[in-house]
Undergrad: 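Once you've had a glance at the structure underneath, I'll fire off some questions.
What you see is a predicted model, and the numbers here were worked out from it, not measured in a lab.
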Amino acid sequence: MSTDGAVAARLAALLRLAFLRPVLLPQLLLDAEDDTVSLVAACSFFGMLLRCAQSAPLLRCLLQFLVTTVPSAEARVAASRLSVAAASAIDDVSGAGGDKLWLVLARHFCCADARVCVAALQLFGAALDTHCEDVLLELCLLPLLRFGDAVASLAPAPAPA
């Protein structure tokens, strides 16, 4: 790895550890009814980061963050009642029983507040505009395949010959 590549990889790791997990993630996990302004700002900011990322390590870091597993809502509520150290320990666990971050954000598509819906859709648009095969597979194709299985299971069985 070249010196520039090593520096870019270290900066991406620093971004993930010092900003994405401790600062941006809690804002993205807010309930739309609790704090609409913070949720819209977080979605918009993360979408801007995705659109402006130029280096491969930075883009990889941002896209990995989008598809990481986050703790379930129950674990987040329990963590909010604990000390800061205990809450960060729960956040470090890769979400036993949790959802992927993009699934949590996708729930905002049907939000009563149009600003939250638009911000979440723009964030997904920015992620899809990266044309990363893994992201396209995760965000688009896998849910369609699951839906296709459900539709196929509802189809009548072929008549015996």
Undergrad: Quick one: do Leu50 and Val118 end up in the same hydrophobic cluster if we chain Ile, Leu, Val, Met, Phe, Trp and Tyr together by side-chain heavy atoms under 4.5 Å apart?
TA: no
Undergrad: Is it the case that one hydrophobic cluster holds both Val23 and Leu66, taking links as side-chain heavy atoms less than 4.5 Å apart, direct or via other members?
TA: yes
Undergrad: Once rounded to the nearest 0.5 Å, what's the spacing between atom CD of Gln122 and atom SG of Cys117?
TA: 10.0 Å
Undergrad: Between Phe45 and Phe19, is the ring centre distance below 6.0 Å?
TA: yes
Undergrad: Side chains of Leu101 and Leu25, heavy atoms from C-beta outward: is any pair under 4.5 Å?
TA: yes
Undergrad: Could you grab the distance from atom CG of Leu30 to atom NE2 of His108, nearest 0.5 Å is fine?
TA: 8.0 Å
Undergrad: A quick test of your reading: do over 12 heavy atoms of other residues, nucleotides or ligands sit less than 6.0 Å from CZ of Arg51?
TA: yes
Undergrad: Can you find a heavy atom in the side chain of Leu28 that is under 4.5 Å from one in the side chain of Val104?
TA: no
Undergrad: Rounded to the nearest 0.5 Å, what separation is found between the CG atom of Leu62 and the CZ atom of Phe46?
TA: 5.5 Å
Undergrad: Mind checking whether Leu11 and Pro57 have side chains closer than 4.5 Å, heavy atoms only?
TA: no
Undergrad: Which residues end up grouped with Val40 if you chain together Ile, Leu, Val, Met, Phe, Trp and Tyr wherever their side-chain heavy atoms are less than 4.5 Å apart?
TA: Leu39, Val116
Undergrad: Could you see if Leu58 belongs to whatever hydrophobic cluster contains Leu14? Use Ile, Leu, Val, Met, Phe, Trp, Tyr and a side-chain cutoff under 4.5 Å.
TA: no
Undergrad: Roughly how far, to the nearest 0.5 Å, is CG of Asp31 from OG of Ser38?
TA: 12.5 Å
Undergrad: Counting distance only, does the side-chain N/O of Thr130 pair as donor-acceptor with the main-chain N or O of Ala127 below 3.5 Å?
TA: yes
Undergrad: Which pair of non-hydrogen atoms, one from Pro22 and one from Pro26, has the smallest distance, and what is that distance?
TA: O-CG, 3.5 Å
Undergrad: Which value, rounded to the nearest 0.5 Å, describes the distance between Leu123 atom CG and Leu121 atom CG?
TA: 9.5 Å
Undergrad: Are Cys61 and Leu20 side-chain neighbours, meaning at least one heavy-atom pair lies under 4.5 Å?
TA: yes
Undergrad: With a 4.5 Å limit on heavy-atom distance, are the side chains of Leu15 and Phe65 in contact?
TA: no
Undergrad: Kindly compute the distance separating CZ (Arg16) from CZ (Arg60), expressed to the nearest 0.5 Å.
TA: 11.0 Å
Undergrad: Indicate, with yes or no, if Leu29 and Phe124 share a hydrophobic cluster defined by side-chain heavy-atom contacts under 4.5 Å among Ile, Leu, Val, Met, Phe, Trp and Tyr.
TA: yes
